Amino acid sequence: NCGKPVFCEKPLTENLEQAERCYKLAAEKGLPLMCSLNRRFDPNLTEIHARKAEVGHIHTIRTIARDHPFPSLDYLKTSGGFFHDCGIHDFDLVSWIIGEHPVNVYVQAHTQHPVIESYGDVDTAFIS
């Protein structure tokens with residue numbers, strides 16, 4: 001409410017209602033509000049997005065992501081969990097490249113690291 005344009009990394013808010021209020025306020029004030037995901041600005045991924053028409057209809061995209069170095073355990077306690085912190089990037093990337101959002105999602109997840117398991121989170125997932 002400071003009268004300034006806003007560009008932020010995800011998450012903009014903790015829920016849809018808060019996000020809708022932010023976008024409504026920005027529209028009322030005539031100010032830009034952009035919540036982005038950083039992989040859209042990766043030069044290699046930007047090139048893939050720009051050249052997607054060259055390959056025709058895309059049936060499958062496989063993404064593999066790893067955090068290196070391993071995030072601190074203090075960060076992992078407050079990150080919102082694997083899907084909120086990491087998995088969302090893959091969902092966004094695939095949706096952005098193919099120009100469609102998933103209708104159905106299947107997930108199988110597991111925890112390799114015992115401390116992450118003690119947080120009730122996962123560190124490995126297969127998402128299709």
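As the structure is a computational prediction, the values presented were derived from the model and not from experiment.
- In the hydrophobic clustering, V103 connects to no other residue, as no ILVMFWY side-chain heavy atoms lie under 4.5 Å from its own.
- Taking both residues in full, the closest heavy atoms of P11 and C35 are given as C-SG, 4.5 Å, listed atom of the first, atom of the second, then distance.
- Residues E9 and N38 are in side-chain contact: their nearest non-hydrogen atoms beyond the backbone lie under 4.5 Å apart.
- Using a 4.5 Å heavy-atom threshold, the side chains of P102 and S95 count as touching.
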With a 3.5 Å cut-off and sequence neighbours excluded, list the donor-acceptor pairs that the side chains of residues 111-119 form with protein atoms.
residue : atom : partner : partner atom : Å
T111    : OG1  : D121    : O            : 2.7
H113    : ND1  : V115    : N            : 3.2
S118    : OG   : V115    : O            : 2.6

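- When hydrophobic clusters are built by joining Ile, Leu, Val, Met, Phe, Trp and Tyr residues whose side-chain heavy atoms come closer than 4.5 Å, directly or via intermediates, L73 is grouped together with Y75.
- Sorted by first then second residue, the salt bridge (charged side-chain N to carboxylate O under 4.0 Å, His left out) pairs that include residues 90-112, not counting sequence neighbours, are R39-D90, R40-D92.
- Note that the CG atom of L33 and the CG atom of L25 stand 9.0 Å from one another [nearest 0.5 Å].
- Remark: Q108 CD is loosely packed, at most 12 non-hydrogen atoms of other residues, nucleotides or ligands lying under 6.0 Å away.
- With a 4.5 Å cut-off between side-chain heavy atoms of Ile, Leu, Val, Met, Phe, Trp and Tyr, the cluster of I97 takes in L45, I48, V55, I58, I61, L93, V94, W96, I98.
- Judged as a side-chain contact (heavy atoms from CB on, under 4.5 Å), and not counting sequence neighbours, the contacts of S128 are Y106, F126.
- The heavy-atom pair separating F83 from I127 by the smallest distance is CE2-CD1, 3.9 Å.
- Listed by chain and number, the residues in a side-chain contact (heavy atoms from CB on, under 4.5 Å) with P32 are P5 (sequence neighbours excluded).
- Residue pairs meeting the side chain to side chain donor-acceptor pair (under 3.5 Å) criterion with at least one member in residues 20-31, sequence neighbours excluded, are E17-R21.
- V105 is listed as a side-chain neighbour of F91, based on a closest heavy-atom distance under 4.5 Å.
- Through direct or relayed side-chain contacts under 4.5 Å between Ile, Leu, Val, Met, Phe, Trp and Tyr, F7 connects to M34, F41.
- Here salt bridge (charged side-chain N to carboxylate O under 4.0 Å, His left out) pairs that include residues 77-86, with residues two or more places apart or in two chains, are K10-D85, D74-K77.
- T13 contributes a side-chain N or O that, together with a main-chain N or O of N15, makes up a donor-acceptor pair within less than 3.5 Å.
- Between G3 and L31, the shortest heavy-atom contact is C-CD1, 3.5 Å.
- Across all non-hydrogen atoms, the minimal contact from V122 to H110 is CB-O, 3.5 Å.
- The stretch residues 47-64 participates, sequence neighbours left out, in these salt bridge (charged side-chain N to carboxylate O under 4.0 Å, His left out) pairs: E47-R51, R51-E54.
- Annotation: ring pair (Phe, Tyr, Trp, His ring centres under 6.0 Å) contacts of H57 (sequence neighbours excluded): H59.
- Partners of H84 according to the side-chain hydrogen bond (donor to acceptor under 3.5 Å, both in side chains) rule, which considers only residues two or more places apart in sequence or in another chain, do not exist here.
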